[in-house]
Amino acid sequence: PCTTAAHLIPSSSAPSQAAGSGSSSGGTFSRCANPDCPCTSSFSGLQGDFCCMSCHGGVPCQRNVHNAPQAPPANQCAAGCGRPSFNGQAGQFCGLTCRQKFAKPTPTVRASQPSKRGPDVLAMGGKGQTFEAWHGTSRTNALQIKSSGCFRVDTPADGCLGKGAYFAGRRKAERFAHDFGQGQPALVRCSITVQNPCYVDGDDRSWQARGFDSCRATSTSKSSNPEWCIASNSCIQVVEVVDLRGQARPAN
């Protein structure tokens, strides 16, 4: 036996579904770790976990109440296979198979051309529709996003639209990059496809709890221009990184 807790996360794919295991979304789950509990899924779906705090405390369920993982969907595989993400972080994949299955084209990096004056246009989107939007940040962050293909969708909790990846029209994103890009402003141009968008006219941090995968605000308490907040990286495809160094900040 191991002498220390060396294996804190699975090191191989989940085993084939055993008799009595639960499955509701194509994934395979391990049953509750309490041997006297009839539940066919642990809380996380992983082996060695209990289905609930009652079982963890030694009091088993009387019937199969928990037949699918109860872990928050935001911490499951971004491919939607039902398994937890490999590191427990939101917007990540469970492993190499799902990452390769949903592989996205390698984005490019280019220098910016000055943006044209005009309205800060941001698509309305719609169920199953794909649209273009921009994310303003620092060059360092932009290159990290390009390399991983993923945004941090578990922050910021205090954003006007709550947690998620924020996008805007190009001019607004440029202003944000110049203001908060630590002297190295950059843009990330993305192709976004949403399935269940929410539309609001101001701040709203409850849309994810209501089952939406994205939210578009016409304005917020911090900006008079529209913006999108996207809950999962599975909706986002990075197209290119645009270096804004040497470009002037667009006027408001």
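Bear in mind that the values here come from a model prediction, so they are computed numbers and not experimental data.
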Considering only residues two or more places apart or on different chains, which pairs with a residue in residues 212-226 satisfy salt bridge (Lys or Arg N to Asp or Glu O under 4.0 Å)? none
If I take atom SG from residue C215 and atom OH from residue Y166, how far apart are they, to the nearest 0.5 angstrom? 8.5 Å
Counterpart residues, side-chain hydrogen bond (donor to acceptor under 3.5 Å, both in side chains), relative to T140 (two or more places apart): none
Pair listing, side chain to side chain donor-acceptor pair (under 3.5 Å) test, anchored in residues 123-133, at least two apart: T130-T193, E132-R189
Given C51, which of P38, C61, P69 fulfils the side chain to side chain contact (heavy atoms under 4.5 Å, CB included) condition? C61
Checking N67 against T40: is there a side-chain donor and acceptor pair closer than 3.5 Å? no
Do I192 and I145 sit in one hydrophobic cluster, given that two such residues count as connected whenever their side-chain heavy atoms are within less than 4.5 Å of each other, even indirectly? yes
Separation of C55 SG from H66 NE2 (nearest 0.5 Å): 7.5 Å
Please report the interatomic distance CZ(F167) to CZ(F151), rounded to the nearest 0.5 Å. 3.5 Å
Nearest 0.5 angstrom please: W228 CH2 to C235 SG, how far? 10.0 Å
Roughly how far, to the nearest 0.5 Å, is CG of N141 from CZ of R152? 10.0 Å
Do the side chain of K172 and the main chain of N225 share a donor and acceptor less than 3.5 angstrom apart? yes
Ion pair present between R249 and E174, side-chain N to carboxylate O less than 4.0 angstrom? no
Is D204 salt-bridged to R210, going by a charged N under 4.0 Å from an acidic O? yes
So if you build clusters from Ile, Leu, Val, Met, Phe, Trp, Tyr with side-chain heavy-atom gaps below 4.5 Å, do V153 and W207 land together? no
I want to check something: taking the side chain as every heavy atom from C-beta on, are L161 and R205 in contact at a cut-off of under 4.5 Å? no
Enter the distance from L187:CG to H135:NE2 here, rounded to the nearest 0.5 Å. 9.5 Å
